[in-house]
Amino acid sequence: MQLRDPSLLRQQAYIGGEWRDAASGATLAVTNPADGSALGSVPDMGQAETRQAIAAAERALPAWRAKTGKERGAILRRWHDLIVQNTDDLALLMTLEQGKPLAEARGEIAYALSFVEWFAEEAKRVYGDVLPSTRGDQRLLAFRQPIGVCAAITAWNFPSALVTRKVTPALAAGCTVVLKPAELTPYSALALAALAERAGLPPGVFNIVTGNPVAIGAELTSNPTVRKLTFTGSTATGRLLMQQSAANIKKLSLELGGNAPFIVFDDADLDAAIEGLMLSKFRNAGQTCVCANRVYVHEAVYDDFAARLAQRVAVLRVGNGLEAGVEQGPLIDGRALQKVQRLVGDALEKGAQLHVGGNPHALGGTFFEPSVIGPVTPAMEIAREEIFGPVVALFRFRTEAEVIAMANDTESGLAAYFYSENLARVWRVMEALEYGMVGVNTGMISNEVGPFGGIKESGLGREGSKYGIEEFMELKYACLSGNFTAAA
Ligand SMILES: NC(=O)c1ccc[n+]([C@@H]2O[C@H](COP(=O)([O-])OP(=O)(O)OC[C@H]3O[C@@H](n4cnc5c(N)ncnc54)[C@H](O)[C@@H]3O)[C@@H](O)[C@H]2O)c1
Ligand SMILES: O=C[C@H](O)CS(=O)(=O)O
């Protein structure tokens with residue numbers, strides 16, 4: 001591994017400011033999805049180490065929350081600057097452990113940085129209110145305070161951005177954090193912790209445990225010292241963690257699965273729609289929660305759109321993310337490859353046509369051909385599952401009412417997209433789609449300013465934006481009584 005700073009490859013967990021092995025000495029292997037090679041290992045920790053991390057976070061909390069927002073923001077800013085200086089190494093670590101092309105990995109580091117920068121500033125802008133009292137002998141206040149010790153669990157597909165999108169608002173608010181990153185991609189989080197340590201984040205403020213997700217999660221959800229859990233991952237796991245957190249009414253933020261519709265109306269700019277779909281669908285080899293999952297194309301433009309799209313998809317360059325010019329890397333593991341193969345096979349068996357791709361890639365391993373199939377019908381499994389792979393599923397539609405009904409016919413509610421040049425239609429469709437986020441004439445909606453999150457079974461709460469820090473704060477109301485009228 002050719003890191004400029006080899007010390008950024010951390011193969012230990014980070015608890016109370018110390019880099020630690022598991023008490024048992026057990027480890028989990030970390031592999032490169034592009035070729036299955038071993039990259040190293042991380043500690044296989046469980047309940048005991050998680051309790052130690054929670055205790056460290058509790059010890060660090062009083063001093064951390066006592067700092068002013070400006071003081072916390074200054075440390076976050078130093079962290080930001082160290083991430084900038086080490087972008088090349090952070091991107092290389094990400095491509096090696098997650099597989100995305102190096103250019104995309106650098107893009108994710110920039111995206112991760114945007115949250116550090118944003119919340120370094122937001123730390124200074126946590127306001128309260130003086131409320132209009134109903135009595136002359138009372139004064140009313142509402143003010144915000146940090147929730148306390150927070151737990152965070154993140155997924156493998158954005159190993160850096162998912163971490164900073166959770167950890168930086170928590171730290172900015174004055175909370176302390178215990179993070180469990182995905183066991184498939186731990187090195188990005190551990191490198192960020194090493195840079196946070198160098199930035200002067202006090203011991204115990206930010207802790208990372210690695211290892212058995214079930215044992216670690218059980219402790220994070222059951223331990224009453226943990227006041228808040230913020231989770232990013234599948235809806236199934238989010239549901240389980242929500243159930244486990246119910247015992248002590250833990251506050252929750254859940255960023256869960258998606259099933260995004262992507263609608264192309266007959267009055268759309270087709271060139272723009274194709275480019276927007278390429279960006280939304282094939283980013284991270286289709287392994288993002290906001291990927292276009294069901295592509296609805298008006299019957300009047302379906303054949304033209306499908307043919308032009310297939311031409312674009314056919315020339316996508318697939319390979320090891322370290323190679324210059326590669327646009328699509330491998331899927332994360334064999335399970336992901338099997339799921340994509342199952343969904344494509346089922347659709348073809350039930351009558352969908354194959355426009356391009358459709359098979360495991362000649363490179364072998366977990367590479368899959370960028371694919372376009374259609375027309376897909378609701379009877380096909382691909383219509384109802386999150387594909388999480390480089391496959392465009394095309395549907396035909398005739399009317400606006402019909403496509404809105406189809407687009408909303410899912411328990412998911414994260415992101416939706418549509419293309420239309422008709423202003424009245426833009427307002428109607430934007431308001432009718434039952435999703436937390438809507439892209440209009442664009443396939444890329446994610447940034448630090450917009451509130452990121454879903455409705456229905458796609459989650460609870462929002463990340464980033466001016467709303468994100470609220471997820472880590474409690475609002476306190478104070479009623480002061482006394483003789484406040486001026487002395488005669
Ligand atoms: N909404 C979002 O912002 C967002 C972002 C990224 C990924 N996702 C979703 O995540 C899914 C893909 O990620 P994944 O496969 O890593 O999801 P996953 O739910 O399998 O794993 C996510 C995290 O949860 C942990 N985990 C798994 N089982 C656990 C348990 N019983 N207790 C505690 N922790 C447990 C994993 O170790 C990992 O760290 C997709 O559905 C995708 O849509 C959503
Ligand atoms: O997949 C999860 C990410 O949140 C997608 S994005 O990078 O925030 O758009």
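FYI, side chains are in, hydrogens and waters are out, and symmetry mates aren't considered; it's all heavy atoms of this structure. Both counts, for ligands and for their atoms, begin at 1 and track the order of listing. Because the structure is a prediction, the values reported are computed rather than measured.
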Hey, is F388 touching ligand 1 through its side chain, its backbone, both or neither, going by heavy atoms under 4.0 Å? side chain
Identity and distance of the protein heavy atom lying nearest atom 32 (N) of ligand 1: P213 O, 3.4 Å
Going by the atom numbers of ligand 2, which of them fall below 4.0 Å from some non-hydrogen atom of N157? 1 (O), 2 (C)
Contact summary for L322 and L96, nearest pair of heavy atoms: CD1-CD2, 3.8 Å
Could you find the nearest protein heavy atom to atom 17 (O) of ligand 1 and give me its residue, atom name and distance? S234 N, 3.3 Å
Sub-4.0 Å atoms of ligand 2 with respect to non-hydrogen atoms of F158: 1 (O), 2 (C), 3 (C), 5 (C), 7 (O)
Counting from 1 in the order shown, the ligand 1 atoms closer than 4.0 Å to a non-hydrogen atom of A155 are 7 (C), 13 (O), 16 (O)
Quick one: which of V205, L162, V177 gives a side-chain contact (heavy atoms from CB on, under 4.5 Å) with V167? V177
Minimum heavy-atom distance between R283 and T288, given as atom pair plus value: O-CG2, 3.4 Å
Counting only heavy atoms, which portion of T288 has something under 4.0 Å from ligand 2: side chain, backbone, both, or neither? both
Under 4.0 Å between heavy atoms, the region of R165 that gets near ligand 2 turns out to be side chain
Tell me, which protein residue and heavy-atom name are nearest atom 29 (C) of ligand 1, and how many Å apart are they? T237 CG2, 3.5 Å
Heavy-atom pair with the smallest gap, counting every atom of A34 and N320: CB-ND2, 3.6 Å
Heavy-atom nearest neighbour in the protein, as seen from atom 24 (O) of ligand 1, with distance rounded to 0.1 Å: F231 CE1, 3.2 Å
Short N-O contact, E470 and R462, less than 4.0 angstrom: no
Run down the list T210, I153, T232 and name the one with the heavy atom closest to atom 22 (C) of ligand 1. T232
Ignoring angles and geometry beyond distance, decide whether N157 reaches within less than 3.5 Å of ligand 1 through its nitrogen or oxygen atoms. no
Closest protein heavy atom (residue, atom, distance) for atom 10 (O) of ligand 1: G233 C, 2.9 Å
Does K350 have more than 12 heavy atoms from other residues, nucleotides or ligands lying within 6.0 Å of its NZ? yes
Does the side chain of Q11 pick up a donor-acceptor pair with the side chain of Y187 at under 3.5 Å? yes
Closest to atom 8 (O) of ligand 2 among protein heavy atoms sits Y111 OH, 2.7 Å
Checking contacts here: is it the side chain or the backbone of T154 that comes within 4.0 Å of ligand 1, counting heavy atoms only? Could be both or neither. backbone
Under 4.0 Å to a heavy atom of L240 - the qualifying atoms of ligand 1, by number: 31 (N)
Atom 1 (N) of ligand 1 has as its nearest protein heavy atom L256 O, 2.8 Å
Is K251 salt-bridged to E474, cutoff N-O under 4.0 Å? yes
E183, any N or O under 3.5 Å of ligand 1 N or O: yes
Pair E471, E463 - check side chain to side chain contact (heavy atoms under 4.5 Å, CB included), show working. CA-CA 8 Å; E471 302 286 336; E463 294 191 327; 6.0 Å; no
Atoms of ligand 1, numbered as shown, that sit under 4.0 Å from any heavy atom of G257: 41 (O), 43 (O)
Nearest non-hydrogen protein atom to atom 16 (O) of ligand 1, with distance, is W156 CD1, 2.9 Å
F262 versus A273, closest heavy-atom pair with distance: CZ-O, 3.6 Å
Would C289 count as a polar contact of ligand 2, with the cut-off being nitrogen or oxygen pairs under 3.5 Å? yes
Going by distance only, is there an N or O of E386 that falls short of 3.5 Å from an N or O of ligand 1? yes
Could you list the atoms of ligand 1 found under 4.0 angstrom from a heavy atom of A182? 39 (O)
Quick one: does ligand 2 sit under 4.0 Å from the side chain of T232, the backbone, both or neither, non-hydrogen atoms only? neither
Atoms of ligand 1, numbered as shown, that sit under 4.0 Å from any heavy atom of R165: 3 (O)
K166-T232 side chain donor-acceptor pair, cut-off 3.5 Å: yes
Give the ring-plane orientation class for Y296 versus F395, where under 30° counts as parallel, over 60° as perpendicular and anything between as tilted. tilted
Nearest non-hydrogen partners of N259 and Y435, listed with the distance: O-OH, 4.1 Å
Taking 4.0 angstrom as the limit and counting only heavy atoms of G217, give me the atoms of ligand 1 inside it, by number and element. 33 (C)
At under 4.0 Å between heavy atoms, is it the side chain or the backbone of I216 that contacts ligand 1, or both, or neither? neither
Starting from atom 9 (O) of ligand 2, which protein heavy atom do you reach first, and at what distance in Å? S446 OG, 2.5 Å
For V340 against F388, the heavy-atom pair lying closest together: CG2-O, 4.2 Å
Purely on distance, is any nitrogen or oxygen of L414 under 3.5 Å from one on ligand 1? no
Looking only at protein heavy atoms, which one is nearest to atom 7 (O) of ligand 2, and how far off is it? R283 NH1, 3.0 Å
Carboxylate-amine/guanidinium contact R342 D346, below 4.0 Å: no
N284 and its side-chain hydrogen bond (donor to acceptor under 3.5 Å, both in side chains) partner, picked from Q98, E104, E108, Q328: Q98
Centroid-centroid distance, F397 to F265, less than 6.0 Å: yes
So the atoms of ligand 1 within less than 4.0 Å of a heavy atom of L241 turn out to be 32 (N), 33 (C)
Heavy-atom side-chain contact between E386 and T235 under 4.5 Å: no
Please report which non-hydrogen protein atom sits nearest to atom 2 (C) of ligand 1, along with the residue it belongs to and the distance in Å to one decimal place. C289 SG, 3.3 Å
